[in-house]
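Encoded as structure tokens, the structure appears first; notes follow it.
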Number of protein chains: 2
Amino acid sequence: MTSPRWLTPEELRAWINYLDCSTLLNDYLDQQLRRDAAVTHADYSLLARLSVAPDRALGMSLLAEQLKFTRSRLTRAVIRLEESGYVRRREDPADGRGQLAELTDAGMELMTKAAPGHVAAVRRVVFDALSHEQVEQLATITATVVASLKQAGEEDAYPATLPWHRR
Amino acid sequence: MTSPRWLTPEELRAWINYLDCSTLLNDYLDQQLRRDAAVTHADYSLLARLSVAPDRALGMSLLAEQLKFTRSRLTRAVIRLEESGYVRRREDPADGRGQLAELTDAGMELMTKAAPGHVAAVRRVVFDALSHEQVEQLATITATVVASLKQAGEEDAYPATLPWHRR
DNA sequence: CCGAAGTGTTTGAACAGGCAAACACCTCGG
DNA sequence: CCGAGGTGTTTGCCTGTTCAAACACTTCGG
């Protein structure tokens, strides 16, 4: 690093906007779901993944990977949701080490009640405010950054740690 | 809500990409700062705000607002940073109720050490991967969403709670 | 000058999430 | 068939965050 290249004014503006956007959007959706469906955004995402899975069930590791959760976070989240009656766990018939998380009927019912409001909220603050072109731009930009993160992660991780998502 | 308008496939793709991007990017930067400068991304942002403020000092409420922190979150964060020696607090001479958070020399030194690496990381995973046009698109899109969130927040909040940032 | 209402900040209690270590089970070479 | 090493999951402990209630000070109407 010779002289650390700073961000240009446009980059800085984009960066600050992005940071604010990401925080506020997350807060907004979390509030909306808490208020209207009594779940957090994180729990909602978990249930949503299960609701579209075949048999409404997924292995814990797979689920953690999709959600970008640490395994321990997932364990605790699933325990909580199990206590609330939305999820059930059973052993993976194919692998004695594995557990499957399965959406219960109550969980499915919650999703069908909560999803319309959530989708409406996302629409309202994001997609209704953006043009069709901007939606495409957003998809491309975020995909690019994700790819770039993936590559950066692999390079950094050569010594030892953080294989996929801090393991 | 007649029949809840679902998301189109492109919208859904954009949304999922965005969600992944936001999570992974935050994780990545947090790891980078923890590893290279022994601070969290949140603490870094706080110190960064102070470092560019006049006299390196800001009132607690103003700082909380800029950072989108709860007031209580800010209180505790500042206490922690004060114990680490990066921040000092003093009474606001203009208002006996208020406190000012001020960056110490140690804090400033930390920032000058940490900033280049952080900026390099942001460049690497975001701006080096995007074209100049995409940076502008990102700035516009995020600004639009922030504005739309602000409006949505005001409308929702008519009954009672959540004035600015859940108060 | 008094007290009510407003604004700025902190505290107490509860909980989510991260890391690292432990545990359980599978798989494969010998 | 045994044990070493891998993979899937959970647990213990600690830190950071939230919500609500308390505190502290200021301001303003009477």
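A, B, ... follow the sequence lines: proteins, then strands. Residue 1 opens every chain.
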Please determine whether a side-chain nitrogen or oxygen atom of B:Ser61 lies at a distance below 4.0 Å from atom OP1 or OP2 of C:dT9. yes
Please evaluate the base of C:dG17 for a donor-acceptor partner in the side chain of A:Arg71 within a cut-off of under 3.5 Å? no
When rounded to the nearest 0.5 angstrom, what is the spacing between NZ in B:Lys68 and CG in A:Asp20? 3.5 Å
Can you measure B:Leu63 atom CG to C:dT9 atom C1' for me and round it to whole angstrom units? 13 Å
Are more than 12 heavy atoms from other residues, nucleotides or ligands located less than 6.0 Å from atom CD of B:Glu91? no
Please compare B:Arg34 and B:Thr75 by the position of their nearest nucleotide in DNA chain C and report the one closer to 5'. B:Thr75
Nearest-Å distance for atom pair CD/P, residues A:Glu91 and C:dC26: 9 Å
Is there a donor on the side chain of A:Thr70 or the base of C:dC19 sitting less than 3.5 Å from an acceptor on the other? no
Do side-chain atoms of B:Asp95 reach the backbone of B:Arg97 as a donor and acceptor pair under 3.5 angstrom? yes
What integer distance in Å separates B:Asp43:CG from D:dT17:C1'? 13 Å
With the side chain defined as heavy atoms from C-beta on, B:Arg97 is closest, among C:dT7, C:dG18, C:dC25, to C:dT7
Quick one: B:Arg76 CZ to C:dG12 C1', roughly how many Å, whole number? 8 Å
Which atom pair, heavy atoms only, marks the closest approach of A:Asn17 to B:Ala139? ND2-O, 3.2 Å
Choose from C:dC19, C:dG17, D:dT18 the nucleotide whose nearest atom is closest to any side-chain atom of B:Gln31. C:dC19
Measure the distance from CG on B:Asp30 to P on C:dG18 and round it to the nearest whole Å. 10 Å
Reading DNA chain C from 5' onward, which residue's closest nucleotide shows up sooner: A:Arg73 or B:Asp95? B:Asp95
Looking for any heavy atom pair under 4.0 Å, which part of the strands does B:Arg89 touch: base, sugar-phosphate only, or nothing? sugar-phosphate
In whole Å, I'd like the distance from the CD atom of B:Glu83 to the P atom of D:dG16. 10 Å
Considering only heavy side-chain atoms of A:Gln99, the closest of D:dT9, D:dT18, D:dT11 is D:dT9
Between atom CZ in A:Phe69 and atom P in D:dG8, what is the gap in whole Å? 19 Å
Does a nitrogen or oxygen in the side chain of B:Arg80 sit under 4.0 Å from OP1 or OP2 of D:dT15? no
Regarding the side chain of A:Met60, the nearest nucleotide among D:dT9, D:dC19, D:dT7 is D:dT9
In terms of the nearest nucleotide of DNA chain D, which residue is placed more toward the 5' end: A:Gly98 or B:Gly96? A:Gly98
Is a donor on one side and an acceptor on the other found under 3.5 Å between the side chain of A:Thr142 and the backbone of A:Leu138? yes
Got a salt bridge between B:Asp105 and B:Arg56, using NZ or NE/NH1/NH2 to carboxylate O under 4.0 Å? yes
Given atom CG of B:Asp27 and atom P of C:dC19, what is their separation to the nearest angstrom? 9 Å
At 4.0 Å (heavy atoms only), tell me whether B:Asp92 reaches a base, stays on the sugar-phosphate, or touches nothing. nothing
